[in-house]
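Here's the structure, in C-alpha cells; my notes come after.
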Amino acid sequence: MPDDADRRRILLAPCGIWAALVLLGGISLAYALAPGLPFKLVASLAIVIAQGGLVLIGFMRLGKSSALVRTTALAGVVWLSFLFLMTFADLWTR
Amino acid sequence: MRSDDTGLLAREPGETSYLTEGTTLRSWLLSTDHKRIAILYAISITGFFFIGGAAATMIRLELFTPQGDFTTADEYNRLFTLHGVIMVWFFLVPSIPATLGNFLLPLMVGAKDVAFPRLNLMSWYLYIIAGIFTLTALLLGGVDTGWTFYTPLSTLYSNSYVLLAAFGIFVVGFSSIATGINFIATVHLLRTKGMTWMRLPLFAWAMYATSLVMVLATPVLAMAMLLICAERLFGLPIFDPRAGGDPVLFQHIFWFYSHPAVYIMILPAMGVVSEIIACEARRRVFGYQFMVYAMLVIAVIGFLVWGHHMFVAGQSPFASMIFSFLSFVIAVPSAIKVFNWTGTLYRGSIRFSAPMLYALGFVGLFTLGGLTGLFLASIPVDVHLSDTYFVVAHFHYIMVGGAVSAFFGGLHFWWPKITGRMYSESFARFAAITLFFGFNFTFFPQFILGYLGMPRRYHEYPPEFQVWNVMSSTGAVVLAIGYLMPLGYFAYSLLNGKRASDNPWEATGLEWTTNSPPPKHNFLEPPVVLTEPYAYHDWDEAPGGADETTQDEPA
Amino acid sequence: MLPEASTLAPAVDRIFWGLVGLSVVIMGVVGGLVLTFAIKYRRGTKAYRGPLPDIMSREVEIGWTVATLFVALFIFWWAAAAQLPHFLLPKKALEIHVVAKQWMWKVQHPEGVREIDALHVPVGVPVKLEMTSQDVIHSFGVPAFRIKQDVLPGRYTSTWFEAKEVGDYHLFCTEYCGTDHARMTGTITVMEPEAYARWLAEQPHGEDLAGEGAQLFTALGCSACHGAQARVPAPSLANLYGSQVVLADGSRVTADEDYLRESIERPEAKVTAGYPSTMPSYQGIASEEQVVALVAYIKSQDGKRSQAR
Amino acid sequence: MSAAPILVEPFEEPERQREAMVFGLWLFLATEILFFGGFFFLYAVARMQDPDGFARGGAHANLLLGTINTILLMTSSATLTIAERAARDGWMRAARWGIIFTLMLGTAFLVVKGFEYREDLAEHLFPAAPDFSFAGETGATRFWSFYWFITLVHAIHLTIGLGCVARLLWLERQGTLARRWMVAEVTTLYWHLVDIVWLLLWPLLYLVGR
C-alpha cells in the first residue's frame, strides 16, 4: 500500500495536467471566439499540439518510455508525413 | 482434423508434437499455438487461392476469343474484381507471413511462441470474418469496381455489393495489422540468448521488414475503405466530384497502402528464397548484411513511390517526376538482392531439389518482373503502357512468378518440419518445372499484348490481339496443372509419406534443431545461438558477412 | 507491329526498345551466371569449392550497388528528359473538346462539328485535347500515338499529339469505368489537311462551340446578371479568360478553364472580390457539354485576341 | 509497491512482458495515428480548397455541447490515469473509483454526443438528407460529411475504450487488477490516444468559422 506522499502524488499530478489542458482549451476557445484576430487556425492547431504533448508526456509518460516505444510513436507521425508531403507535392503543383 | 487421426500425426508412438496436443476441433480453433494458427491460415488461404484461381480460369476462357461470348460484360467485370480482391487481400498478403511466417518466426528466433498468442488467434478470426463478408458479396452477385475501388465509380455508380466487399477489406486489414504487430514485437523482444540482430536468418529479417510495412501502410487503406463504406451507406459525399471531391485524392490514399502492399507480398518471398538457396548451395548467403539493409531500404522507400501508379491519372508533372525518380531508386536494392543470390551459388555445391527449383525459378521471374518495372517507372513509356496488359504481365511476374513461386518453394522446404513427412521429390520437381514453363507461357505473351496497346479489364478486344491471348490462355492450362499437382502429392504425403528426420536438408537455423514436427513449445529447452546464420562451411569470407558483428546483446 | 503514328511515338519507342535491350543484357548476365554456376557447381562435380577469392568482398558489393544506381538514374534522366517537352502543351494547336460518359466518347471540334466514338484530325497539326468526364474516371488512350490521359469528373485534363501518318487508329478507354468499359472504344482517323477540311465541310454544322455558348448564355439566364445590360452586381466576363482574378479572401487565381467551370458549377467556392455571393449553382442545370460551350463562349469574349485575328 | 504480476505465455519475466505489452500497444497506436491521419489529410485538402465554405458550415456546429464533451474527455483521461497509477501501487480503492468515474465520464460523452446528433438532425445538418441546410454548397456539404463521419468513427473508438475500461472494473471485482496492472496501463494508453484525437477534432469541427 502506498503511503500518504505517494497517494498525493498519484492524485495531484494528473489533476495538474488536467488543469493545464482545460486552461489551454479555454485559451483556444477565447482566441477563436474573439473577433478579428489573425491566424486562428494556426493558433488552435498550436494549442492542440501543446495539449497533445501534455497528454503524451504527462499522462502516457512517453518521455520515460523506452527508446523503442518512442521510435514507434515517432514512426507513426513520420510515415503520416510521407502521405502529406508526397500528396501535397502533387496538389500544389497541379 | 478428427480425433482418430493420431496415427497420421504422431511421428513415433509416445513422442508428442504440436499436432498431437489435443486433436479435437476445439483444440484447433481455440489454439493460441502459433504453429496451429499457421495451419489454420494455410488451410483457409488455400481455399481462397482456388476461389481466386477459378475466377482467373474463367477470365482466361473468356479472353480466348475477341467476342464477349463466354461471359457477359458484367459477369466478366465481377470475375476480375473477385480475382483481384481475393488474390491480393485473402491470398497474397497473408500467404507467406501468416503461414510460413507464423510457423517459423518463433522457431527461428528461438521463442516459445509469438509475443501475443491470443492476438495471433484473433488475427485468423478477423481474416475469416472478413472472408465471410467478401464471399457474401460474391454470392449475392459480386462487385464490379475492380480491386482498386476507384471513386466515383465505387461510391456513386456501381450497382453491386461494394459496401460488403469494402467492409471485408477493412476487417482483413486489421488481421494483417495484428500479424504485423505480433511479428515486430516477437523479433524485438523474444530472440533467444545469442540471437543478435545480425544472426537473424534472412527469413526472419524479411518477416520483420514485411511487418513494418503491414503496420504502417494498412491503416490508411482501412480509412480509405471506411470512407467508401460511409459514402455508400449514409450517402455522405466525401469523394463525390459534384460536391467538390477530388477522385485523384482517393487514388493517393489507396496507393499509399497498395503500393507498399506489393512489398508485403515480395519481401517474404525474398526471405524464403534466401534460406533455400543458401541451404541447397551449401554456401553462406553472399553479402548477408547487404541483403538485410536492402530489405529495410525497400520497406522504407516502398512508401514513397506510389505515385507511379498515377502518371496518367491527372497528377502534376512535378509529382510524377519525383515518384518516377524514387521508383528508379528502389530498383537498386532489388537488383542487389538478385546479384547476391547469384553470388551465393558461386563455388557452391548445388542440389536441384524441388525447393531449389522453385527458388531458381523465382530469381529468373523476379528479375524479369523487376526489369519490366523499369519500363513502368519511365514516365513516357508508362504513359503508353499503363492500364495495358504490360502492367498485368509485370505484376503477375512479381506476384505469381515471384511471391507464389517462393511460397511454393517454402512450403516444400519446410513441409517435413511442419508435417513430419516427406513428399515425393520427383513429383515435386516435375510440378516446379511445369509451373515455371506454364507461368512464362501464360504471362510472357501479355507483355507483347501490352506493348501493342491492349487495355486491361477488357472482355472484348480487337481481333488482332487474339493470337497472343490464345497463347496466354493455353499457357494458363499448363499453369493450372502445375498448381493442382502439389495438392495431390502433398495429400499423399500427409497420409503415406515417409517420416521426415529432424533436419532432412541438413540446413542451419534453429527450426531444424528441434523435432519434426516440433513439440508444443517448440524447443525442449531454450536454445542458445553461438554462430552466424548459414554456417554451411567453416571458412569465413562472406563480404559484409555476419561474422563481423558478434557482440551479444541481451535477448 | 504497332505503328508509330505520332511525333511522340519514336521517342517513346526509343526508350522502350532501349529498356528491352538493357533487360536482355541483364537477363543474359544473371541467367547466364545462374546457369553456369548451376552446371559447374552442381553437387558431385569436382569444381573447387573453397573460400571466395579476395576480390569478392565488400568492394564488389558496393561496386555493383553504385553501378546499378548509376544505371537507374541514367534511365530516369533519359526518360524524364524525353517526357519534359510533352508536358508542355503546344500554344498553337487545334483544340478538340472531349466529354466522356459511360460508355461513350463525345468529341467536339472548334467549328462545332460533333462526333461520337470517333475523331477526325488532320495530319501534321498539333491537336490539343481538352477533356472532362460526366460521370466516372475514364482514360483517353491511343496506342498508336503513345498517348494516354485519364479523364476526370469535375476537372479538365488535357493532352496533345501531332499525327504523322494517315490512317485509322484505335481509341481505347483505358481506365476501368463500369459495365461496358470494353466497348468504350473508338477510331481516330488521321487525314490529309485538305481531306480533313473537306470532311469538316460535309459534316452537319452546329453552331460553333462559342456560338452555341452564346445562345446558352441567354437561354440559361446568365446574361441577366453578367450581360452588358444587367443591373445586378456581377463581374463582367469580357477579357476574363487568362486574367488574374482577386477573390473575396484576397487570394488570386488565374481564370483558366477549371476556374470558369468551377464558378459555373460551384459559384460560392471562389467569389470575386467586391461582389456578393448570389449566383446560384448551375450544377445539374447545365449539362457537361453546355458547360464546355459556355466556357468556350467566355473564352471567346476576349477583346485583344479577336483584334489580333 | 506493485504486486507480483501475473505472467502470460510466452513470457517468463514481468519486465519483458510489460515491455512487450507497452510496445505492442504503441505499435497499435501508431496504426491509429496513420488511420486518423488519412482522415485529417482529406480534411486538410478539402478545407484548403474551400476555407469559406468550411467556415459557413462550421458556424452551425454545436459549440456548447462540443466543448462540454471536450472537458468530459479531458477529465476522464485524468481519472483513468489516477486509476492506473493507483492500481500499480496497489491502492485499489482509488483505482476502483477512478475506473468508475472514467466509465461515467465516457458514457456521459456518448450521451451528450447523442443529444448533439439530435439537434444537428433537427437543424437539417445531415448532408445526405433531402432537406440539408447547405444543399448545393460544396464546402459546407463536405464539412458536414466529415463531421458525421469522423465523430461516428471517434464514438466507435470511445465505445471500444469503454469496453476495455469496463473490463478493468471487472478485473478489479475479481481481485486480480493489482496483479494485472499492465492491462490497466495499456488500456489507459489507448484511452489517451482517443482523447488526443478528440482534442484535435474539437478545433477542426467546432472552432471553424467562429
Side-chain angles (χ1 to χ4, degrees), chain B residues 73-74 77 144 146 150 152-153 157-158 241-242 244 247-248 287 290 312-314 317 321 324-325 328-329 331-332 335-336 338-339 342 345-352 360 363-364 367-368 371 374-375 378-381 383-384 386-387 451-453 455 457-460 462 539 541 543-544, chain C residues 2 11-12 15-16 19 23 26-27 30-31 33-34 37-38 41-43 48-49 51-52 56-58 60-61 64-65 68-69 72-73 75-76 79-80 82-83 87 135-137 139 141 143 146-150 152-155 157 170 172 174-183 266 283:
Chain B
D74 259 332
N77 297 341
D144 67 350
Y150 274 13
L153 178 63
Y157 291 90
S158 172
R242 288 170 307 192
V248 179
F290 282 85
V312 297
M321 285 289 181
S324 166
F325 174 78
F328 276 107
V329 170
V332 176
I336 299 306
V338 171
F339 296 149
T342 313
L345 296 176
Y346 181 61
R347 293 194 175 172
S349 170
I350 301 167
R351 203 167 63 98
F352 295 97
L360 293 177
V363 173
T367 308
L368 190 52
L371 284 168
L374 296 180
F375 291 66
S378 324
I379 302 174
V381 181
V383 168
H384 174 48
S386 77
D387 278 302
Y451 172 72
L452 295 177
R457 296 170 170 175
Y458 265 33
H459 90 300
E460 296 177 336
W539 61 88
E541 81 290 84
Chain C
L2 189 63
V12 174
I15 301 174
F16 180 87
L19 284 168
S23 304
I26 292 181
M27 279 308 286
V30 171
L33 281 176
V34 168
F37 293 161
Y41 297 111
R42 68 185 188 281
R43 199 159 293 180
Y48 175 69
R49 293 201 161 78
L52 296 177
M56 304 276 279
S57 59
R58 191 180 287 265
V60 170
E61 197 82 40
W64 67 37
T65 306
T68 319
L69 186 66
L73 294 185
I75 303 170
F76 166 72
Q83 181 64 22
F87 279 143
D135 36 49
V136 301
I137 303 175
S139 189
R146 313 288 189 275
I147 59 161
K148 188 173 288 143
Q149 175 61 51
D150 280 12
L152 304 172
R155 219 181 108 186
T157 50
H170 286 299
F172 293 126
T174 49
E175 181 60 67
Y176 174 66
C177 58
T179 307
D180 275 336
H181 170 56
R183 292 189 182 149
R266 300 192 292 276
Q283 192 157 39

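So that the names make sense, note that chain A is the first sequence line, chain B the second, and so on, each numbered from 1.
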At a heavy-atom distance under 4.5 Å, which candidate from [options] has the highest pair count against chain C?
| options | answer |
| --- | --- |
| B/G146, B/P247, B/S158 | B/P247 |
| B/P462, B/S349, B/P455 | B/S349 |
| B/P241, B/P380, B/P317 | B/P380 |
| B/V329, B/L345, B/V248, B/I350 | B/I350 |

- Message: Classify the ring geometry of C/Y41 against B/Y346: parallel below 30°, tilted from 30° to 60°, perpendicular beyond 60°.
- Response: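 Perpendicular.
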Could you tell me whether the side chain of [X] and the main chain of [Y] form a donor-acceptor pair under 3.5 Å?
| X | Y | result |
| --- | --- | --- |
| C/R155 | B/G314 | yes |
| C/Q149 | B/V312 | yes |
| C/K148 | B/S386 | yes |

- Task: With sequence neighbours excluded, tell me which residues meet ring-ring contact (aromatic ring centres under 6.0 Å, His included) with B/F325.
- Result: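 Checked B/F325 against ring-ring contact (aromatic ring centres under 6.0 Å, His included); matches are C/F76.
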- Task: Taking ring-ring contact (aromatic ring centres under 6.0 Å, His included) as the test, write out the residues that go with C/F16, two or more places apart.
- Result: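 Counting only residues at least two positions away or on another chain, C/F16 forms a ring-ring contact (aromatic ring centres under 6.0 Å, His included) with B/F375, B/Y451.
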Is [Y] close to [X] at the side-chain level, that is, under 4.5 Å between some pair of heavy atoms?
| X | Y | value |
| --- | --- | --- |
| C/P143 | B/L452 | no |
| C/L69 | B/F328 | no |
| C/M27 | B/L368 | yes |

In Å and rounded to the nearest 0.5 Å, what is the [atom1] to [atom2] distance from [X] to [Y]?
| X | Y | atom1 | atom2 | value |
| --- | --- | --- | --- | --- |
| B/S378 | C/I75 | OG | CD1 | 6.5 Å |
| B/L371 | C/I26 | CG | CD1 | 5.0 Å |
| C/R183 | B/H459 | CZ | NE2 | 5.0 Å |
| C/T174 | B/H384 | OG1 | NE2 | 11.0 Å |
| C/R42 | B/R351 | CZ | CZ | 15.5 Å |
| B/T342 | C/L33 | OG1 | CG | 6.5 Å |

- Side chain, backbone, both or neither of C/L152 within contact of chain B (heavy atoms, under 4.5 Å):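 It is the side chain, since no backbone atom gets that close.
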- Structural part of C/Y48 lying under 4.5 Å from a heavy atom of chain B: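 Answer is both: backbone and side chain atoms of C/Y48 are under 4.5 Å from chain B.
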Between [X] and chain C, with a heavy-atom cut-off of 4.5 Å, which part of the residue counts as in contact: side chain, backbone, both or neither?
| X | value |
| --- | --- |
| B/L360 | side chain |
| B/V381 | both |
| B/Y150 | side chain |

- Task: For the pair C/F87 and B/M321, evaluate side chain to side chain contact (heavy atoms under 4.5 Å, CB included) and give the outcome as yes or no after the intermediate values.
- Result: CA-CA 11 Å; C/F87 279 143; B/M321 285 289 181; 3.6 Å; yes
- Item | Selection from C/D135, C/T157, C/V30 maximising heavy-atom pairs under 4.5 Å formed with chain B |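 Maximum pair count with chain B is reached by C/D135.
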- Any side-chain donor paired with an acceptor under 3.5 Å for C/Y176 and B/N77?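 B/N77 and C/Y176 do have a side-chain donor-acceptor pair below 3.5 Å.
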- Message: side chain to side chain contact (heavy atoms under 4.5 Å, CB included) for C/I137 and B/L153? Distances and angles first, verdict last.
- Response: CA-CA 7 Å; C/I137 303 175; B/L153 178 63; over 6 Å; no
